[in-house]
Amino acid sequence: MAGVLKNRLKQVLAGGLLAAGLAFGSAALAQRDPAYQAAREAGQVGEQIDGYLGVVAAPSADLRALVNSINIQRKAAYTRSAAASGATVEQFAVTSGCNLILKTVPGEKYQAPDGTWKTRTDAPPERVAACV
């Protein structure tokens with residue numbers, strides 16, 4: 001039984017890394033969009049704990065559409081990876097959220113464990129306990 005659980009954990013972690021890579025890929029594609037980059041630099045959007053991009057303040061219709069488009073791409077990537085490994089979409093999304101928050105740079109917004117928006121400093125970001 002312990003061996004089965006250990007193997008399952010390895011699958012989820014490996015799948016999480018794959019999902020994170022896919023999410024980073026979609027983030028990299030989104031960063032080519034000047035509107036996304038400008039919103040990120042202005043602190044209008046940030047990385048959420050759940051692996052999706054969030055809107056920090058009241059968005060314009062264009063910003064909302066951009067965030068929705070990025071999140072659709074992320075969910076598709078998480079869904080493909082989850083199906084391949086037998087994990088849930090939510091597991092992949094949260095693992096990716098941990099990694100995406102860690103990859104923020106000073107000045108960018110991210111969601112703290114208490115749900116508030118923080119601005120990244122030179123210090124490591126605050127992350128939920130599930131992030132290893």
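Listed by first and then second residue, the ring pair (Phe, Tyr, Trp, His ring centres under 6.0 Å) pairs that reach into residues 41-62 are Tyr52-Tyr78, sequence neighbours excluded. Sorted by first then second residue, the ring pair (Phe, Tyr, Trp, His ring centres under 6.0 Å) pairs that include residues 100-127, not counting sequence neighbours, number zero.
Here the side chains of Tyr36 and Leu53 are in contact, with some heavy-atom distance below 4.5 Å. Side chains of Lys109 and Val55 form no contact here, defined as non-hydrogen atoms less than 4.5 Å apart. Counting only heavy atoms from C-beta outward, the side chains of Glu47 and Gln111 never approach each other to under 4.5 Å.
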- Using the side-chain contact (heavy atoms from CB on, under 4.5 Å) rule, take Gln44 and Val56 through it: C-alpha gap first, then chi angles, then the decisive distance, then the call. CA-CA 5 Å; Gln44 296 174 313; Val56 177; 5.7 Å; no

- For Lys75 and Glu90, what are the C-alpha separation, side-chain angles and deciding distance, and is it a salt bridge (Lys or Arg N to Asp or Glu O under 4.0 Å)? CA-CA 9 Å; Lys75 184 161 187 171; Glu90 291 76 21; 5.9 Å; no

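A donor-acceptor pair under 3.5 Å is formed between the side chain of Arg74 and the backbone N or O of Gly51. Looking at Glu108, its side chain does come within 3.5 Å of a backbone N or O of Val105 through a donor-acceptor pair. Remark: side-chain polar atoms of Thr116 are not paired, donor with acceptor, to backbone N or O of Ala112 under 3.5 angstrom.
Residues Ser81 and Phe92 share a closest heavy-atom pair of O-CZ, 3.4 Å. Contact record, Val89 with Ala82: N-CB, 3.7 Å, taken as the closest heavy-atom pair.
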Please report, to 0.1 Å, the donor-acceptor pairs under 3.5 Å made by any side chain of residues 120-132, with sequence neighbours excluded.
from: Arg120; atom 1: NE; to: Ala123; atom 2: O; distance (Å): 2.9
from: Arg120; atom 1: NH1; to: Leu102; atom 2: O; distance (Å): 3.2
from: Arg120; atom 1: NH1; to: Thr104; atom 2: O; distance (Å): 2.7
from: Arg120; atom 1: NH1; to: Thr104; atom 2: OG1; distance (Å): 3.2
from: Thr121; atom 1: OG1; to: Ala123; atom 2: N; distance (Å): 3.1
from: Arg127; atom 1: NH1; to: Cys98; atom 2: O; distance (Å): 3.0

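Ser60 and Asp62 form no side-chain donor-acceptor contact under 3.5 Å, judged by distance and modelled atom types alone.
For the atom pair OG (Ser69) and CG (Asp33), the distance works out to 8.5 Å, reported to the nearest 0.5 Å. The distance from atom CD1 of Ile49 to atom CG of Leu100, rounded to the nearest 0.5 Å, is 12.5 Å.
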